[in-house]
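Notes follow the structure.
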There are 2 protein chains.
Amino acid sequence: MYSIGQTAKLTGLSIDTLRYYEKIGLTKPPVRAKGRLRSYSEEDVRFLISLQCLKKTGLTLVEMKAFLMEGQCYANPYFPLSAEDRETIESRTSILAEHLARMEAQYAALASLMEQTKEKLEVYRELLAKEATKP
Amino acid sequence: MYSIGQTAKLTGLSIDTLRYYEKIGLTKPPVRAKGRLRSYSEEDVRFLISLQCLKKTGLTLVEMKAFLMEGQCYANPYFPLSAEDRETIESRTSILAEHLARMEAQYAALASLMEQTKEKLEVYRELLAKEATKP
DNA sequence: GGTTGACATGGAGTTGACTCCAGATTCTAA
DNA sequence: TTAGAATCTGGAGTCAACTCCATGTCAACC
């Protein structure tokens with residue numbers, strides 16, 4: 001179990017941010033050591049790290065919250081779904097599918113930008129190379 | 001030439017955002033029709049669209065501004081560099097290289113997230129398929 | 001010739017995501 | 001036992017990036 005300070009260091013999030021995420025309900029309140037101090041588990045830490053990955057794909061905190069609530073199983077795809085009814089499964093599927101589509105669009109845009117950037121870099125590098133071999 | 005309203009529709013940016021970008025110096029002031037009304041060219045529109053692509057790669061407006069100023073050649077890689085001195089070329093090269101590295105990291109993170117999401121989707125779809133074939 | 005609609009300006013307000021602060025509590029080391 | 005460090009709470013402040021507002025100009029249509 002980690003203190004809030006250790007958790008901040010492990011995840012790269014600030015102490016304030018950890019408390020903020022808890023306040024807005026993005027993370028569940030962690031256990032309290034001695035009934036007072038927040039105490040984060042290994043799993044909590046992994047979860048916080050995966051949150052940052054999701055964030056990088058451009059989701060807002062509110063979207064992430066909705067995403068995680070709807071698909072509780074994000075952490076564990078083998079979450080007991082058999083008890084869920086068909087509609088719930090379909091809803092989760094469509095949320096994931098939409099999110100995937102957005103990520104794919106972003107992926108394609110990134111790829112094209114990277115390609116352009118590489119070409120420009122090449123032009124510069126050639127220029128520098130030519131300069132270097134001048135008399 | 002397009003009015004600010006038409007430009008907003010074409011680019012997906014709001015009228016206020018177009019004026020805001022101009023105010024902070026991210027875009028150059030467009031020609032004024034009848035000395036009063038902003039009038040955007042095809043090229044202005046293309047530029048605005050490419051700004052949005054850059055933005056999606058996670059650059060802030062300030063970074064984008066610096067990026068575009070430093071490497072004026074972003075729009076045209078064959079910009080007359082011969083007149084520039086070696087240091088300027090090196091500076092542009094390193095800005096582009098750093099930006100490329102960031103994009104590559106983001107690209108890898110996205111790929112891994114997409115992979116995970118696809119796996120989860122697969123699990124759900126199988127569940128739905130099984131349900132469908134039940135007695 | 002009056003109303004409508006698009007656009008202008010300067011400045012204020014909003015939103016999301018933190019970040020900081022004051023004052024209190026508790027444990028730890030000198 | 002007192003000073004320091006880490007944490008607590010509730011609430012205020014900040015920053016980027018818009019977004020809205022009041023008021024004014026102009027051209028066009030009825």
Side-chain angles (χ1 to χ4, degrees), chain A residues 1-41 44-45 47-69 99 102 106 109, chain B residues 1-41 44-45 47-69 99 102 106 109:
Chain A
M1 302 300 262
Y2 304 103
S3 72
I4 194 167
Q6 291 171 319
T7 307
K9 267 170 205 154
L10 285 172
T11 60
L13 295 165
S14 76
I15 290 178
D16 273 312
T17 299
L18 290 172
R19 286 197 280 243
Y20 172 68
Y21 281 2
E22 186 183 331
K23 185 155 68 183
I24 64 170
L26 181 58
T27 58
K28 63 177 203 301
V31 182
R32 296 290 179 125
K34 294 163 196 149
R36 205 176 74 91
L37 307 178
R38 286 175 181 79
S39 187
Y40 295 85
S41 68
D44 289 337
V45 170
F47 179 77
L48 285 164
I49 290 171
S50 77
L51 275 192
Q52 313 215 69
C53 292
L54 273 182
K55 200 159 176 299
K56 277 188 198 136
T57 73
L59 289 187
T60 65
L61 301 189
V62 168
E63 285 168 336
M64 282 168 60
K65 192 175 160 186
F67 182 67
L68 294 167
M69 305 258 104
H99 184 52
R102 276 201 305 267
Q106 210 186 326
Chain B
M1 303 299 262
Y2 304 104
S3 72
I4 194 167
Q6 290 170 320
T7 307
K9 266 169 206 157
L10 284 171
T11 60
L13 295 164
S14 77
I15 291 179
D16 272 313
T17 300
L18 290 173
R19 288 197 278 243
Y20 171 70
Y21 281 1
E22 187 183 331
K23 185 156 68 183
I24 64 170
L26 181 58
T27 57
K28 63 175 206 301
V31 183
R32 295 292 178 124
K34 296 166 195 148
R36 206 176 72 91
L37 307 178
R38 287 176 181 79
S39 186
Y40 296 85
S41 67
D44 289 338
V45 170
F47 179 77
L48 285 164
I49 289 169
S50 77
L51 274 192
Q52 311 215 69
C53 290
L54 273 182
K55 199 157 178 297
K56 276 187 199 137
T57 73
L59 290 186
T60 65
L61 301 190
V62 168
E63 284 167 337
M64 281 169 60
K65 194 176 158 184
F67 182 68
L68 294 167
M69 305 258 104
H99 184 52
R102 275 201 304 266
Q106 211 186 326

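Values reported hereafter were calculated over all heavy atoms of this structure, with side chains retained and with hydrogens, waters and symmetry mates removed. Chain letters run A, B, ... following the sequence lines, proteins first, then strands; residues in each count from 1.
- Between the CD1 atom of B:Ile4 and the P atom of D:dT25 there is a distance of 19 Å, given to the nearest Å.
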Side-chain atoms of residues 25-34 of chain B: list all donor-acceptor pairs with protein atoms under 3.5 Å, sequence neighbours left out, distances to 0.1 Å.
unit_1: B:Thr27; atom_1: OG1; unit_2: B:Glu22; atom_2: N; d: 3.4
unit_1: B:Lys28; atom_1: NZ; unit_2: B:Asp44; atom_2: OD1; d: 3.3
unit_1: B:Arg32; atom_1: NH1; unit_2: B:Arg36; atom_2: O; d: 2.9

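- To the nearest angstrom, C1' of C:dA6 lies 18 Å from CE of B:Met1.
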If you restrict it to nitrogen or oxygen atoms, what contacts under 3.5 Å exist between nucleotides 3-5 of chain D and the protein, and what is each distance?
none

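- The distance from atom CZ of A:Arg19 to atom CD1 of A:Ile15, rounded to the nearest 0.5 Å, is 6.0 Å.
- Put simply, CZ on A:Arg32 is 12 Å from P on D:dT7, counting in whole angstrom units.
- Atom OH of A:Tyr2 and atom P of D:dT7 are 15 Å apart (whole Å).
- Note: CG (A:Leu37) to P (D:dA6) measures 13 Å, nearest angstrom.
- Contact between A:Ser41 and A:Met1 at its shortest, heavy atoms only, is CA-SD, 3.7 Å.
- Of the residues in residues 12-19 of chain A, those with a non-hydrogen atom less than 4.0 angstrom from any atom of DNA chain D are A:Ile15, A:Arg19.
- Partners of A:Val45 according to the side chain to side chain contact (heavy atoms under 4.5 Å, CB included) rule, which considers only residues two or more places apart in sequence or in another chain, are A:Tyr2, A:Thr7, A:Leu10, A:Thr11, A:Ile49.
- Residues forming a side chain to side chain contact (heavy atoms under 4.5 Å, CB included) with A:Ser3 (at least two apart in sequence, or on another chain): A:Gln6.
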Name the pairs: protein N/O against N/O of nucleotides 22-28 of chain C, kept only if under 3.5 Å.
unit_1: C:dT25; atom_1: O2; unit_2: A:Arg36; atom_2: NH2; d: 3.4

Protein-nucleic acid N or O pairs under 3.5 Å, nucleotides 12-17 of chain C:
unit_1: C:dA17; atom_1: OP1; unit_2: A:Leu61; atom_2: N; d: 3.2

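- Summarising the geometry of B:Ala8 relative to B:Ser14, their closest heavy-atom pair is CB-C, 4.2 Å, with the distance given to 0.1 Å.
- Side-chain contact check for A:Lys65 versus A:Thr60: every heavy-atom pair is 4.5 Å or farther apart.
- Contact check, A:Ser3 against D:dT7: a side-chain N or O comes under 4.0 Å of OP1 or OP2.
- In terms of the side chain to side chain donor-acceptor pair (under 3.5 Å) criterion, A:Tyr21 has no residue partners (sequence neighbours excluded).
- Separating the CG atom in A:Leu48 from the CG atom in A:Leu13 is a distance of 6.0 Å, to the nearest 0.5 Å.
- The CE atom of B:Met64 sits 15 Å away from the P atom of D:dA16 (whole-angstrom rounding).
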